[in-house]
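Numbering of residues begins at 1 and proceeds along the displayed sequence. Since this is a predicted model, take the numbers as computed values, not measurements. All values below come from the heavy atoms of this structure, side chains included, with hydrogens, waters and symmetry mates left out.
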Amino acid sequence: NDTELENPTQTVTDKRYSLIAAMNFNRVVHYQVFETTSGENVDDSKFASFMKVLIKSLPKWVVIILDNASIHHGPASKKVFQECPNFVLY
């Protein structure tokens, strides 16, 4: 039958992975993979923990540019940015 799958056994799980990455013009400078369950997203607190690690590894003259995602405006993220010696633009 032409409609059968080549590999009929497929395991479906509730595990999902989300990646947050920071990059400069040349390469990825920091990344973190979060394991989430189906329907769960990376939230403000996970993003804030990622940013804390990133900021510690950056020189003070770096400009951080973010898009307007809601996790960038959450309370945990705002606290990290207020304590950040870098300039944050979003």
Subject >> Side-chain donor-acceptor pair present, H72, D44, cut-off under 3.5 Å >> reply: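 Short answer, no.
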Original post:
For K46, which of I71, N41, T36 qualifies under side-chain contact (heavy atoms from CB on, under 4.5 Å)?
Top reply: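 By the side-chain contact (heavy atoms from CB on, under 4.5 Å) criterion, K46 pairs with just one of I71, N41, T36: T36.
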Original post:
So F47 and F81, would you call those rings parallel, tilted or perpendicular, with 30° and 60° as cut-offs?
Top reply: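 Perpendicular.
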Subject >> Spacing of NZ belonging to K52 relative to OG belonging to S77, to within rounding of 0.5 Å >> reply: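 If I round to the nearest 0.5 Å, the distance is 10.0 Å.
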Original post:
To the nearest 0.5 Å, how far apart are CD in E35 and CZ in R16?
Top reply: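 One finds 11.5 Å between CD of E35 and CZ of R16.
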Does a side-chain heavy-atom distance below 4.5 Å link [X] with [Y]?
X	Y	value
I20	V33	no
F50	H30	yes
Q32	L54	no
I64	I55	yes

Subject >> Heavy-atom closest pair, residues N24 and N26 >> reply: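 Taking N24 first and N26 second, the nearest heavy atoms are OD1-N, 2.7 Å.
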**OP:** Provide the closest heavy-atom pair for S45 versus A76 in the form atom of the first, atom of the second, distance.
**Re:**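 Scanning both residues completely, I find the closest heavy atoms to be CA-CB, 4.1 Å.
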Original post:
Can you hop from L19 to V28 via hydrophobic side chains spaced under 4.5 Å?
Top reply: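 Yes.
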Subject >> V29-V62 co-clustered via ILVMFWY side chain contacts under 4.5 Å >> reply: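 Linked, V29 and V62 end up in one cluster.
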